[in-house]
Amino acid sequence: GGDGVDRFHPAVTYNGDAGQYLVVYEYQLASEDLDIRGQLMSYDVPDGPELVIRNQPAGADQLGPDVEYSPESSRYYVVWAEDQGSGDGYDLYGQWLDYAGNPLSELLPVFRYSGDQTAPRLAYDMINLQGLVVWADTRRGPEGDVYARLGALDLEPPVALFTRDPAVGKEGDIFVFNAWPSHDNMTPPGAIAVRWDWTSDGNWDTSWTFDKHAVRVVSVAGTYNVTLQVRDLMNLLDDVTLPVLVLPDNPNTPPAAVLAVDSLVGLAGTTFHFDASGSTDNETPPADLLFRWDWENDGVFDTDWSGIKVRNYVFTDAGLHSVRVEVKDAGGLTDAAVRVVLVLPGAAVSLEVTPASA
């Protein structure tokens, strides 16, 4: 206090690992918008500077914060109500903070709906690694109700995967990289952030983005090890490196990959018949083309190069499956084709529930 700033509605949690408290509160300077700030405390003494947790966007009010500490992740989670001036009222947002109280994750929408969602309160279950947030909600009328949402703690990092088109090309060719095969057990694919290092030298060539596609034109021959790093909403990371071979410019043209499938839909357990024998090349006879197969189109090929151009595969998991075949000519250039099949749930054969009673 004593600095001309109003601080309201504090909430506090205790970090037993560091012997510190984190206090969060509404912060208002003069007549400006309400923001969320915090202060680490060692018992009753401030430990470090005041923390800016949320002060954007301009013209938005943030109020009513609450906070919990998760010892399993060594992180704090703060939730608050925010009105961004869109006319939809207050919504709930959250933010992970690191051990020092600094913002760590992206801004996380907790609940956004018509009416006002305010006065959030948190409770953390360290046994089951899940948290419950409750709040007051007027989306069904002015009287207000109490709503709740349960969320699980994510301690598992994402899986970084990407495809290359082509994997082998020539100087001046366009190379397309697709990180959509990357996935996480709890973060939706669209919320996974990615960045690229085109030469794997440790210096990231792109900033974090949610756009999973990247395009490069390579003008100098050589082997380039491309690294993708992905980040989930808990700020957990994973990376993967794959090579791209760029050959000197020459008259050889790349093959044209063609992939046919006998049926686009089948039950789980169905044998799908994939045929790449329609692939062609201007310089390489069909009998000399090489093929390799990726049954989930995730950039990790499931077979080595061979002359086998017809394959059968059985999917046991229901859902959409993208199958990739890559074709290589005698000059080393590649092309790929992808087909998507839909696998429907098959008949249940058994069900085991453990324990049988509780």
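Starting from 1, each residue takes its place in the sequence as its number.
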Checklist entry - Got a sec: does the CG of D304 have more than 12 other heavy atoms crowding it under 6.0 Å? => result no

Checklist entry - What pairs with Y14 under ring pair (Phe, Tyr, Trp, His ring centres under 6.0 Å), at least two apart in sequence or on another chain? => result Y21

Checklist entry - When you measure from the side chain of N128 to the backbone N and O of Q130, does any donor-acceptor pair fall under 3.5 Å? => result no

Item to check | Separation of W204 CH2 from D239 CG (nearest 0.5 Å) | outcome: 5.5 Å

Next on the checklist: Within the 4.5 Å heavy-atom criterion, are T303 and R311 side-chain neighbours or not?
Outcome noted: yes

Next on the checklist: Does any part of the side chain of K170, heavy atoms only, come nearer than 4.5 Å to the side chain of L333, both counted from C-beta?
Outcome noted: yes

Checklist entry - Where the side chain of S105 meets the backbone of W96, is there a donor-acceptor pair that is under 3.5 Å apart? => result yes

Next on the checklist: Does W196 form a ring pair (Phe, Tyr, Trp, His ring centres under 6.0 Å) with F162? I'd like the steps, not just the answer.
Outcome noted: CA-CA 11 Å; W196 302 88; F162 69 93; 5.3 Å; yes

Item to check | Pairwise side-chain contact, L104 with L97, heavy-atom cut-off 4.5 Å (strictly under) | outcome: no

Next on the checklist: Under 3.5 Å, is there a donor on one side chain and an acceptor on the other for Q229 and D197?
Outcome noted: no

Checklist outcome for this item: On a heavy-atom basis, the closest approach of A336 and D165 is CB-OD1, 3.7 Å

Next on the checklist: Taking the basic N atoms (NZ, or NE/NH1/NH2) and the acidic carboxylate oxygens, is any pair closer than 4.0 Å for E68 and R121?
Outcome noted: no

Next on the checklist: Donor-acceptor check, side chain of K309 to backbone of P286, threshold 3.5 angstrom: yes or no?
Outcome noted: yes

Next on the checklist: Using 0.5 Å steps for rounding, measure from the CG atom of D298 to the CG atom of N178.
Outcome noted: 11.0 Å

Checklist entry - Is the side chain of R339 donor-acceptor paired with the backbone N or O of V323 at a distance under 3.5 Å, no angle test? => result no

Next on the checklist: Can you confirm whether the side chains of Q39 and E50 place a donor and an acceptor under 3.5 Å from each other?
Outcome noted: no

Next on the checklist: Among F301, F274, F272, F315, exactly one meets ring pair (Phe, Tyr, Trp, His ring centres under 6.0 Å) together with W295. Which residue is that?
Outcome noted: F274

Item to check | Evaluation steps, side chain to side chain donor-acceptor pair (under 3.5 Å), between T253 and E283 | outcome: CA-CA 7 Å; T253 57; E283 295 84 17; 3.0 Å; yes

Checklist entry - Mind checking whether L63 and Y93 sit in one hydrophobic cluster, side chains of I, L, V, M, F, W, Y counted as touching below 4.5 Å? => result no

Item to check | Nearest heavy atoms of G332 and V168, plus distance in Å | outcome: O-CG1, 2.9 Å

Checklist entry - When you check the side-chain N and O atoms of N297 and D294, is any donor under 3.5 Å from an acceptor? => result no

Item to check | Evaluation steps, ring pair (Phe, Tyr, Trp, His ring centres under 6.0 Å), between Y90 and W135 | outcome: CA-CA 11 Å; Y90 283 92; W135 66 89; over 10 Å; no

Checklist entry - Going hydrophobic residue to hydrophobic residue with side-chain gaps under 4.5 angstrom, can you get from L242 over to V215? => result no

Checklist entry - Checking R292 side chain against V325 main chain: does a donor-acceptor pair fall under 3.5 Å? => result no

Checklist entry - Where do I308 and F291 come nearest, in terms of heavy atoms and distance? => result O-CB, 3.4 Å

Item to check | Interatomic spacing from CG in L161 to CG in D238 - rounded to 0.5 Å | outcome: 8.0 Å

Checklist entry - Once you round to the nearest 0.5 Å, how far does CD of Q117 lie from OG1 of T138? => result 7.0 Å

Next on the checklist: Using side-chain heavy atoms (C-beta onward) and a distance below 4.5 Å, is N185 in contact with D154?
Outcome noted: yes

Next on the checklist: Do R37 and Y27 form a cation-pi contact, if we require the NZ or CZ to be under 6.0 Å from the six-membered ring centre and within 45 degrees of the ring's axis?
Outcome noted: yes

Checklist entry - Has R112 got more than 12 heavy atoms of other residues, nucleotides or ligands less than 6.0 Å from its CZ? => result no

Checklist outcome for this item: Contacts of H9 meeting side-chain hydrogen bond (donor to acceptor under 3.5 Å, both in side chains) (sequence neighbours excluded), chain-then-number -> E26

Checklist entry - For A221, does its backbone N or O pair with a side-chain atom of E171 as donor and acceptor, under 3.5 Å? => result yes

Checklist outcome for this item: For N55 and Q62, the nearest pair of non-hydrogen atoms, with its separation, is CA-OE1, 4.3 Å

Next on the checklist: Between S182 and V159, does the side-chain contact (heavy atoms from CB on, under 4.5 Å) criterion hold? Intermediate values first, please.
Outcome noted: CA-CA 6 Å; S182 301; V159 177; over 6 Å; no

Checklist entry - Quick one: CG on D116 to CG on D137, what's the gap to the nearest 0.5 Å? => result 8.5 Å

Checklist entry - How about Y147: does its OH atom have over 12 heavy atoms from other parts shown lying under 6.0 Å from it? => result yes

Checklist entry - Is any side-chain heavy atom of P57 closer than 4.5 Å to a side-chain heavy atom of Q84? => result yes

Item to check | Between CZ on residue R195 and OG1 on residue T227, distance to nearest 0.5 Å | outcome: 11.0 Å

Checklist entry - For the hydrophobic clusters of this structure (ILVMFWY residues joined by side-chain heavy atoms under 4.5 Å, transitively), does one cluster hold both V110 and L233? => result yes

Next on the checklist: Out of the candidates Y76, Y77, Y124, only one should pair with Y69 under the ring pair (Phe, Tyr, Trp, His ring centres under 6.0 Å) rule; please name it.
Outcome noted: Y76

Item to check | Closest contact, heavy atoms only, A60 versus D33 | outcome: O-CB, 3.2 Å

Next on the checklist: Between F177 and W198 (judged by ring centroids, cut-off 6.0 Å), do the two rings come close enough to count as a pair?
Outcome noted: yes

Checklist entry - Are any non-hydrogen side-chain atoms of V226 and F175 less than 4.5 angstrom apart? => result no

Next on the checklist: Hydrophobic cluster membership, with links at side-chain heavy-atom distances under 4.5 Å among I/L/V/M/F/W/Y: are W80 and V5 in one?
Outcome noted: no

Next on the checklist: Do N15 and Y99 make a side-chain contact, defined as non-hydrogen atoms from C-beta onward lying under 4.5 Å apart?
Outcome noted: yes

Checklist entry - Are R324 and W293 in a cation-pi contact, defined as NZ or CZ under 6.0 Å from the six-membered ring centre and within 45° of the axis? => result no

Next on the checklist: Can a donor-acceptor pair be found, under 3.5 Å and without considering hydrogens, that links the side chain of T187 to the backbone of D184?
Outcome noted: no

Next on the checklist: Quick test of your reading: applying ring pair (Phe, Tyr, Trp, His ring centres under 6.0 Å), list the pairs with at least one residue in residues 229-255, sequence neighbours left out, ordered by first then second residue.
Outcome noted: none

Checklist entry - Can you check side chain to side chain donor-acceptor pair (under 3.5 Å) on D47 and S42, steps first, answer last? => result CA-CA 6 Å; D47 191 355; S42 291; 3.0 Å; yes

Checklist entry - Could you go step by step and tell me if M41 and V45 meet the side-chain contact (heavy atoms from CB on, under 4.5 Å) rule? => result CA-CA 5 Å; M41 307 284 295; V45 179; 5.8 Å; no

Item to check | Donor-acceptor contact below 3.5 Å, side chain K212 vs main chain P189 | outcome: yes

Checklist entry - Do the side-chain N and O atoms of D329 and T284 include a donor-acceptor pair separated by under 3.5 angstrom? => result no

Checklist entry - Can you find a heavy atom in the side chain of E82 that is under 4.5 Å from one in the side chain of D61? => result no

Checklist entry - Linking I/L/V/M/F/W/Y whenever any side-chain heavy atoms sit under 4.5 Å apart, do Y224 and V217 land together? => result no

Next on the checklist: Please evaluate residues L342 and L264 with respect to the criterion side-chain contact (heavy atoms from CB on, under 4.5 Å), reporting the C-alpha separation (whole Å), side-chain torsions for both, the decisive distance (0.1 Å), and the verdict.
Outcome noted: CA-CA 6 Å; L342 174 61; L264 296 177; over 6 Å; no

Checklist outcome for this item: Nearest heavy-atom approach of D335 to A257 is OD2-N, 2.8 Å

Next on the checklist: Tell me if the CD1 atom of I174 is crowded by more than 12 foreign heavy atoms within 6.0 Å.
Outcome noted: no

